[in-house]
Amino acid sequence: MAIYLNDVSRTFGEYLLIPGLTTKECIPANVSLKTPLVKFKSGEKSVIELNIPFVSAIMQSVSGPKLAIELARNGGLSFIFGSQPIDSQAEMVRKVKKFKAGFVISDSNLTPENTLADVLELIRRTEHSTIGVTDDGTPNGKLLGMVTSRDYREGKDPIDMKVKDFMTPFAKLIVGELGMTLTEANQIIWDHKLNTLPIIDKDQNLQYFVFRKDYDSHRDNPKELSGGDKKLLVGAGINTRDYKERVPALVEAGVDVLCIDSSDGYSEWQYETLHWIKDTYGDKVLVGAGNVVDQDGFNYLADAGADFIKVGIGGGSICITREQKGIGRGQATALIDVAKARDEYFKRHGVYIPICSDGGLVHDYHMVLALAMGADFLMMGRYFARFDESPTKKMKIGNNFVKEYWGEGSNRAKNWQRYDMGGNESLKFEEGVDSYVPYAGKLKDNLNVTLGKITSTMCSCGSISIQELQQYAKITLVSSTSIVEGGAHDVILKEQN
């Protein structure tokens with residue numbers, strides 16, 4: 001006879017937070033949203049701490065390099081999608097790592113004999129408008145000049161004009177020497193009112209660029225998630241099929257953390273993948289696993305060596321796993337159960353393994369509920385898919401702007417590895433849909449509103465950290481009629497212009 005669980009499978013929408021004592025210290029400016037990303041021993045700190053508790057979903061329609069850069073600049077982290085060839089995923093990781101390194105290796109280079117057409121094509125391909133002109137067109141060739149958007153007039157200058165005829169030649173460039181500190185380089189930029197400072201070695205070979213915008217970016221983004229080398233942090237998704245080839249390529253590209261991307265993580269395939277990574281790299285390579293929805297699944301992956309564990313099956317807005325297979329659990333119930341397992345594991349072993357709530361978040365207040373219920377951080381797809389920085393097209397349908405959004409289990413994604421059940425069979429039915437989400441604009445603008453709501457709600461709960469929220473928050477179940485009561489009701493709403 002099957003095992004029956006007596007608890008009801010519940011969603012975040014069935015709960016509300018009850019206010020706690022708001023002290024004078026409980027103001028949004030005092031709230032810290034720092035949270036551990038990977039496991040750590042009692043008395044120690046996680047080697048990676050997020051500055052905001054957000055990571056982006058391992059999806060084609062969400063986590064490309066643009067979103068990864070912008071989210072890291074604002075304190076979170078992206079997992080570059082793994083449903084693509086290994087070399088292209090590794091290149092996406094490199095793009096993020098190159099973006100903010102202080103000393104940036106140039107990825108846009110031409111020779112003096114190239115043309116304006118080559119310049120425009122390179123800018124279109126790399127989206128970088130600063131081009132190093134070297135003798136051989138490589139990132140470390142002899143620097144002969146530089147091209148920026150101020151050196152030519154697109155649409156007026158002839159497209160076949162040679163680079164050597166409009167570049168700023170080396171003799172007119174102010175350059176820095178290899179070995180100088182970033183502080184010294186920035187000082188030269190400020191003293192000479194430069195946007196870019198090329199760094200060369202004693203033989204005039206180009207080594208790096210230092211950009212004024214990187215200094216400004218760091219000032220404007222105090223929560224930026226970067227390492228000791230000033231490079232932004234980025235993650236990547238892997239599967240349980242080609243991990244022996246994919247993981248080394250991602251590690252070589254500089255990835256900071258990996259995550260096994262699967263709809264069901266309670267499997268021997270994930271156990272073997274985790275063991276191979278840990279046997280090969282030890283603790284030098286950090287890897288999360290999942291997804292699970294109960295204590296058994298958590299303990300299985302914890303014992304296998306997972307550095308964090310994702311919670312949630314079937315709760316995503318484009319996921320139809322529950323509808324197709326009858327597999328899953330209400331996200332709130334799953335999270336509460338797994339959080340108990342996490343805390344008991346910590347008591348037994350003295351090792352804290354963070355858990356990530358993945359799916360089921362409809363409203364911003366659901367995020368606070370998820371954190372209060374035990375999540376250390378949240379993985380979101382639909383939320384980030386709406387922004388300019390996501391990889392998908394912005395379209396107009398009727399009178400509304402939308403962005404495309406599709407699930408990894410859809411025919412469009414063809415990510416059968418995520419739903420791999422072993423053997424040689426490929427995906428026979430879809431577990432995700434192809435859809436649209438309302439276009440919302442820039443990530444930073446929307447994120448600031450969301451974080452404002454979260455910090456304000458936490459203050460109403462009498463908490464100024466996620467740890468305090470999990471310790472002191474009071475949560476109540478709500479009835480269907482009280483949900484109606486919580487919105488605007490019994491009034492005639494004015495039409496919005």
Side-chain angles (χ1 to χ4, degrees), residues 1-15 239-241 259-275 288-306 308-349 353 355-362 366 369-370 373-375 379 407-410 415-433 475 477-480:
M1 184 176 176
I3 298 169
Y4 288 87
L5 302 183
N6 291 323
D7 59 333
V8 177
S9 192
R10 298 191 182 278
T11 66
F12 295 127
E14 296 176 78
Y15 293 92
N239 62 65
T240 58
R241 283 278 180 163
C259 184
I260 303 172
D261 183 30
S262 173
S263 66
D264 178 8
Y266 192 8
S267 76
E268 290 184 345
W269 307 111
Q270 289 215 10
Y271 195 97
E272 289 179 0
T273 304
L274 288 166
H275 264 271
N291 289 17
V292 299
V293 292
D294 66 0
Q295 297 190 30
D296 291 341
F298 174 89
N299 288 323
Y300 185 79
L301 294 178
D303 291 340
F308 67 84
I309 293 173
K310 287 206 294 150
V311 181
I313 294 177
S317 60
I318 41 71
C319 184
I320 53 174
T321 295
R322 298 180 195 172
E323 181 181 308
Q324 292 280 48
K325 295 170 64 176
I327 292 286
R329 198 176 192 184
Q331 187 66 11
T333 302
L335 185 56
I336 292 167
D337 196 25
V338 174
K340 287 178 184 175
R342 186 263 323 274
D343 294 343
E344 289 169 3
Y345 191 92
F346 181 56
K347 289 176 184 176
R348 287 197 311 272
H349 301 283
I353 303 176
I355 57 175
C356 168
S357 179
D358 178 16
L361 300 169
V362 180
H366 289 172
L369 275 166
M373 289 173 176
M379 178 173 277
E408 290 297 291
S410 67
N415 185 9
W416 66 268
Q417 293 97 334
R418 189 175 197 274
Y419 303 86
D420 188 13
M421 298 302 292
N424 297 317
E425 293 189 10
S426 58
L427 191 65
K428 289 289 189 292
F429 55 89
E430 292 183 88
E431 293 188 45
V433 299
I475 301 173
L477 273 168
V478 296
S479 67
S480 57

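One is the number of the first residue; the rest follow in order along the sequence.
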Evaluate the criterion side-chain contact (heavy atoms from CB on, under 4.5 Å) for residue pair Tyr15 and Val478; output intermediate values, then yes/no.
-> CA-CA 6 Å; Tyr15 293 92; Val478 296; 5.9 Å; no

Apply side-chain contact (heavy atoms from CB on, under 4.5 Å) to Arg348 and Asn299, showing your working.
-> CA-CA 12 Å; Arg348 287 197 311 272; Asn299 288 323; 3.6 Å; yes

Name of the residue among Ile313, Asp294, Val292 meeting side chain to side chain contact (heavy atoms under 4.5 Å, CB included) with Arg329 = Asp294

When rounded to the nearest 0.5 angstrom, what distance separates [atom1] in [X] from [atom2] in [Y]?
| X | Y | atom1 | atom2 | answer |
| --- | --- | --- | --- | --- |
| Phe298 | Lys340 | CZ | NZ | 14.5 Å |
| Ile260 | Ile309 | CD1 | CD1 | 10.5 Å |
| Cys259 | Asn291 | SG | CG | 7.5 Å |
| Trp269 | Leu274 | CH2 | CG | 14.5 Å |
| Ile475 | Ile336 | CD1 | CD1 | 6.5 Å |
| Leu361 | Leu369 | CG | CG | 9.5 Å |

Tell me whether [X] contacts the main-chain N or O of [Y] through its side chain, where contact means a donor paired with an acceptor under 3.5 Å.
| X | Y | answer |
| --- | --- | --- |
| Gln331 | Val293 | no |
| Gln270 | Thr240 | no |
| Ser357 | Gly312 | no |

Which atom names give the shortest non-hydrogen contact between Tyr271 and Ala304, and what distance separates them?
-> CD1-CB, 3.4 Å

Tightest non-hydrogen contact, residues Ala289 and Leu301, listed as CB-CD1, 3.9 Å

Quick one: sort the Phe12 and His366 rings into parallel, tilted or perpendicular, breaks at 30° and 60°.
-> tilted

Do Leu477 and Glu14 pass the side-chain contact (heavy atoms from CB on, under 4.5 Å) test, and can you show the C-alpha distance, the side-chain angles, and the key distance before you say yes or no?
-> CA-CA 6 Å; Leu477 273 168; Glu14 296 176 78; 4.3 Å; yes

All side-chain hydrogen bond (donor to acceptor under 3.5 Å, both in side chains) counterparts of Gln295, not counting sequence neighbours = Asp337

